[in-house]
2 protein chains.
Amino acid sequence: MAAGKSEDIALAVSTVIFALHAEAPQARPSLHLPLVRRIREPFAGRWALPGGPLLPQEGLSAAAARNLQQTTGLRPGYLEQLYAFGDPDRSPSAGRMVSVVYWALVHADAVTDTSSDDNVRWFAADDLPSLAFDHNLIVEYALWRLRNKMEYSRIAHAMLGETFTLSELRQVYEAVLRKPLDPANFRRQVEASGALVATDSVVTGGRHRPPRLYRYNDAVDMTDNGPLTDIPQHPPPHAADSADLPDPTDPTALNDPTDRSNL
Amino acid sequence: MAAGKSEDIALAVSTVIFALHAEAPQARPSLHLPLVRRIREPFAGRWALPGGPLLPQEGLSAAAARNLQQTTGLRPGYLEQLYAFGDPDRSPSAGRMVSVVYWALVHADAVTDTSSDDNVRWFAADDLPSLAFDHNLIVEYALWRLRNKMEYSRIAHAMLGETFTLSELRQVYEAVLRKPLDPANFRRQVEASGALVATDSVVTGGRHRPPRLYRYNDAVDMTDNGPLTDIPQHPPPHAADSADLPDPTDPTALNDPTDRSNL
DNA sequence: ACAAAAGTGTTTAGACTACACCCATGC
DNA sequence: GCATGGGTGTAGTCTAAACACTTTTGT
């Protein structure tokens, strides 16, 4: 591309990973996210978002998925680019740094799986310590984006298993949006959207009428990202690092090399 | 930040610039955007989005505003980060390149101002030639984002002057959304939003009732970008390169250095 | 029987659409 | 006067919120 060399501008990819977790067994679940303890200056000892440099032959979303895998051992249920941060002052006492940040949703059971590690810990999303760099602001923005997207998109199932009840799905919405939803109206809305398919099974064992299990309808595109078609949504069979296109669902993703060195 | 060096990954910033322009004097205006002719390989001779490398002490949005200034001679009426493109294959026969792309709105009269230049030309947004790199896809995505944002945000005034009639404002919406709007209902909607302030002046000279002039209400935040507060919206007095925070209005902008080299 | 959650039905308020209609100006 | 767009009024449609009510299980 013959664009000017990036001089001393380093490029990194970080990921904000959300999962639902209930502190007490029967308590309402809330949003949690994993942070990693920094071992170098600046901000040594502080908690920070998982991330690191981009590998030479790796796409941006692939790097984010790798962050996720290395931090939680999981594949993303949903993954979308959040923003590129490049303020000249964002990295004190270190060189200039531009970070492309992704956000992801994973299944709830991820939270306990990795809590044994001492350098990785899950925190409640609305009760974070003071993080390294501008990561507090990043998480705030990721939360804002998640809440917005939850209202007009159909990504909640990414925080659940293959099948789920409408109650479970509603709990995801309630936890993210932090407000109770009418079960009756919620049912009608998701049924009208066509995003779910009823299975034949029900869940017995509760001391009440057994709820039906639903499955996500893959025929429906849940993310309205326009012309973009990002990637490792669900387990994409073997398309390892096929695409780095931005997520076409929300106004944030699109893939294009905009090099222009003339002018 | 002690993150791995970016090896050979170059970083560039490009900008998709939109303005309204009517081919014929009395024809309906349509979206146009300026492109720049490449003078180097790859894609020498092809049209491409204005852009270039990021300067060492320059914020991302400042670089986008500089693109805009150098291409059109104007300051952005609205500027927002679009997406970061980093597919490994996006730059044939050149090194790895990651581009952070912005999109902008400018006043309509910009179109004719620069059409004399031979290396910069304005094109109708829905009738572009085959561009360099993946720039066709980028423009498609920028258009999709603009159209989405136009429906739930109040950015249309960025394509007009300081004062404007409701007809002019409606024409912006009609050109972007490509469908006619009911003048009566349009009026009620914008009046109910509180985004506009009526002035005392009217426009005489038309062969019909003189329409009232309106001004944008700065007290209302028109861009719902959450916790982000980007920047060079209107002429920000002298805040040259103050902020590089992502635009908090739409689900795309947030500023944060996500360096993480441990793990 | 009773509690509790699943699931259905109904009423109402607000938002948006369509379109009829009046107003003010230039010619 | 009449054409043209500015501006107001109003009835019909659609959606979503609120909430009463019925169903089905476990204990």
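A, B, ... follow the sequence lines: proteins, then strands. Residue 1 opens every chain. Please read all numbers here as calculations on a predicted model, not as lab measurements.
- Checking the phosphate oxygens (OP1, OP2) of dT17(C), a side-chain nitrogen or oxygen of Q189(B) falls inside 4.0 Å.
- In this structure, the side chain of H107(A) engages the main chain of L160(A) through a donor-acceptor pair within 3.5 Å.
- T204(A) comes within contact range of no nucleotide atom at all, as no heavy-atom separation falls under 4.0 Å.
- If you measure from atom CZ of F164(A) to atom C1' of dA6(C), you get 16 Å, rounded to the nearest angstrom.
- Regarding R212(A), its CZ atom lies at a distance of 14 Å from the C1' atom of dT23(D), rounded to whole Å.
- The base of dG9(D) sits within donor-acceptor range of the side chain of R188(B), with an N or O pair under 3.5 Å.
- The interatomic distance linking E174(B) (CD) with dG5(D) (C1') rounds to 13 Å, in whole Å.
- Of the side-chain N and O atoms in R207(B), none sit less than 4.0 angstrom from OP1 or OP2 of dC27(C).
- One can find a donor-acceptor pair under 3.5 Å joining the base of dT23(D) and the side-chain atoms of R209(A).
- Among the nucleotides dG7(D), dA6(C), dT8(D), the one closest to any side-chain atom of A184(B) is dT8(D).
- No salt bridge links K179(B) with E174(B); every basic N to acidic carboxylate O contact stays at or beyond 4.0 Å.
- Distance, R187(A) CZ to dC21(D) P: 20 Å, rounded to whole Å.
- The CZ atom of F186(B) sits 15 Å away from the C1' atom of dG5(D) (whole-angstrom rounding).
- Put simply, S167(A) has a side-chain N or O that comes within less than 4.0 Å of OP1 or OP2 on dA6(C).
- If you measure from atom CG of D182(A) to atom C1' of dT10(C), you get 13 Å, rounded to the nearest angstrom.
- Distance L181(B) CG to dG7(D) C1': 17 Å, rounded to the nearest Å.
- A ring pair (Phe, Tyr, Trp, His ring centres under 6.0 Å) with H157(B) is found for one member of Y78(B), Y214(B), Y216(B), F164(B) and no other, namely Y216(B).
- The 5' end of DNA chain D is approached more closely, in terms of each residue's nearest nucleotide, by T165(B) than by the other of T165(B) and H208(A).
- Salt-bridge check for E151(A) with R147(A): failed, with every basic side-chain N at 4.0 Å or more from each acidic carboxylate O.
- In summary, the side chains of H135(A) and E140(A) do not present any donor paired with an acceptor at a separation below 3.5 Å, with no hydrogens or angles considered.
- Between L166(B) atom CG and dA24(C) atom C1' the separation is 16 Å, expressed in whole Å.
- Checking dG9(D), dT25(C), dC19(D) against the side-chain heavy atoms of P210(B) singles out dT25(C) as nearest.
- Residues G206(A) and N185(A) each lie close to DNA chain D; by heavy-atom proximity, the contact nearer the 5' end of the strand is made by N185(A).
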